[in-house]
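The structure under discussion appears below in the form of structure tokens.
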Amino acid sequence: MIQYKELKKNLKKDLSGFPEIKVSVVGDTATQFLATAIRGLGVERGLNINLFEAEYNQVDRQFLDPSSELYEFDADFIVVFQSTHKLGEHHSLLTTDQQAQLADERLSFVASVCENPALANKKIIYFNYPEIEDTVFGSYANKVVSSFTYQVRKLNYELMKLSQQYPNLFICDIAGLQNKFGRDFMFAPNVYVSTEMILSVDILPYVASRVLDIVCAIRGQFKKCLILDLDNTVWGGVIGDDGLEGIQLGHGLGIGKAFTEFQMWVKKLRQRGIIICVASKNNEETAKEPFEKHPDMVLKLDDIAVFQANWETKVDNIRTIQSILNIGFDSMVFLDDNPFERNIVRENIKGITVPELPEDPGEYLEYLYSLNLFETASYSNADKDRTKQYQVEAKRVSLSKTFTNEADFLKSLNMESTVSGFTKFNTPRVAQLSQRSNQFNLRTIRYTEADVTAMAEDSDVIDLSFTLEDKFGDNGLIAVIIMKKLDAETLFVDTWFMSCRVLKRGMENFTLNTMVERAKAAGFKKIVGEYLPTLKNKMVENHYTGLGFTKVEGADTARYELDVETYQPRECYIETLIEK
């Protein structure tokens, strides 16, 4: 992890080319060093953080006073650090009956922040509470409701439940950091007594990293794919030399246990929705043998979305995987035990994350835990099917190579799309895709479930969602359109995003045909689209002109018009299965 002094130096760099985001930090202890660490780590993540830091111990005033600097600054993200130390001071001044209500009192305050209409569109990043064992009761504290230990543990548990209730609340797990690194690393008593600074200089980069992990995930910057080398990464030994019986795996004692537990972690990532792929220098048949035959393999072939085992370079195989998945290299993590292979991949594939795995496989997991590589801002049951969807996509790619004519290939897929408005069933998925879609996203506007529900009820909004199914399987909900009434004759395309999994199948044409049909039926004569560039959506820079829109000259942003009345439906080979 980068040290605090390096983060401080980052603030001297030219950040004019970085996107700016506004962040407020509000705390009940000294937060100057924390604020500096957050800004410095933002530079590492390619962000120019415009940060407001509230005065010391002004949490209540900043939130309860509508004229406070917090509201005036109007940040996108509000980081709240109410420390265990200050909570303990308050606890010590209460009666026993009042002590038993301490957690509920604090939870009530957090809920009031989340429910504040003035903060409805803000993301609240709230630090949980690392434990302080005051030994007033010793282990018996677990039986005493009024004990400080009981109240802190209750508070942390209930904060998790509260974050499920409020979509704008995100818990930054600094208690987990203390579990990992220890209290002596996290807290320096001699510094605290003279500065009121709770967090040690050593832990600050890790805390700032957790904050930025959440910020980036909310902004749609997160890891989607884990690519694995095999020999001495997934198992011990070399399958081509040692054979099936010679590789090291198993639940007993020895180094094989480390590889088996590593596979368990990867399995959980796959179950969560992370795409698992293989890039190995091996004969494919040999590389697949442990997945098919070894009794101690936790990972199976069904867990692998794309399996690349051959004698091409790792760089070439990763590029092939990327072409099939259609996601950015900055969404990928590559794990390989070989330092040479790691460096080659880093040097040749910009943006990919390549952790410097320890030499000892027994240390793989603890090291990877510390990196928090797969932070997310959303999760749904649909994520569990992602591996199967990409396995099917690999089959489509293979089939496409057998056709010389693209139209014949598309016809052979027997594609069908369900077109629907926003419903209580698809609203969570629409909101999630709004948060996650980056590349094929014309304006990159993020919406919550509450926002989606409100638009579904707005008569001035045409809301459309699209699924796509073909003979290989169901891709689920893959595109969303939100068109808003500008005037009696004009619709504005507020939102158009689509999964990159379905590119080059005519979905863009099908979507536009549907948009025009709906516009005509509602009596509109013109559709206006807008392209707002980001670091990730350059692929759709010419989207509107490619679909026949005319650029609007003199507009402040890149705007395009389409005449609904003269529009000719574009060619596509997708059948509307159901339209609601």
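- The only option from T495, L491, D494, D460 that meets the side-chain contact (heavy atoms from CB on, under 4.5 Å) definition with M483 turns out to be L491.
- The side chain to side chain contact (heavy atoms under 4.5 Å, CB included) search around Y56 returns K86, E196, not counting sequence neighbours.
- For the pair A118 and Y71, the tightest heavy-atom approach, listed with the atom from each and the gap, is CB-CE2, 3.9 Å.
- Heavy atoms of other residues, nucleotides or ligands lying less than 6.0 angstrom from NZ of K520 number more than 12.
- For the side chain to side chain contact (heavy atoms under 4.5 Å, CB included) test, residues two or more places apart in sequence or in another chain that qualify with Q322 are F329, M332.
- No more than 12 heavy atoms of other residues, nucleotides or ligands shown are found within 6.0 angstrom of CZ on F33.
- Here the CD-CE distance, from Q439 to M539, works out to 6.0 Å after rounding to the nearest 0.5 Å.
- Proximity of a side-chain donor or acceptor of T353 to a complementary backbone N or O of V333 within less than 3.5 Å is not detected.
- In this structure, K525 contributes its side chain and A519 its backbone to no donor-acceptor pair below 3.5 Å.
- Looking only at atom types and distance, the side chain of N317 has no donor-acceptor partner in the side chain of T320 under 3.5 Å away.
- Taking the six-membered ring where the residue is Trp, the centroids of F73 and F52 are separated by under 6.0 Å.
- Within 6.0 Å of CG on L535 lie no more than 12 heavy atoms contributed by other residues, nucleotides or ligands.
- For the atom pair OG of S499 and CD1 of I327, the computed distance is 10.5 Å after rounding to the nearest 0.5 Å.
- For the pair Y129 (side chain) and I174 (backbone), a donor-acceptor distance under 3.5 Å is absent.
- At least one side-chain heavy atom of I21 sits less than 4.5 Å from a side-chain heavy atom of F77.
- Under 3.5 Å, the side chains of R45 and S209 contain a donor-acceptor pair of N or O atoms.
- Relative orientation of the W496 and H543 rings is perpendicular, given thresholds of 30° and 60° on the angle between their planes.
- We find the CD-CG distance between Q58 and L64 to be 11.5 Å, quoted to the nearest 0.5 Å.
- At a cut-off of 3.5 Å, with distance as the only test, no side-chain donor of Y531 or N542 sits close to an acceptor on the other residue.
- For the 3.5 Å distance criterion, the side chains of N372 and Y206 fail to qualify, holding no donor opposite an acceptor.
- Distance CZ/F374 to CZ/R272: 8.0 Å, rounded to 0.5 Å.
- With hydrogens and angles ignored, the 3.5 Å screen pairs no side-chain donor or acceptor of D28 with any backbone N or O of Q82.
- Of the N and O atoms on the side chains of Q435 and S378, not one donor lies less than 3.5 Å from an acceptor on the other residue.
- Counted within 6.0 Å of CD on E55, heavy atoms from surrounding residues, nucleotides or ligands total 12 or fewer; the atom is thus considered open.
- A donor-acceptor pair is defined here as one N or O able to donate and one able to accept, closer than 3.5 Å; such a pair exists between the side chain of E53 and the backbone of Q32.
- A pairwise comparison of heavy atoms in I49 and R39 identifies O-NE, 3.9 Å as the closest pair.
- Looking only at distances, a side-chain donor or acceptor of S465 sits under 3.5 Å from a matching main-chain atom of S420.
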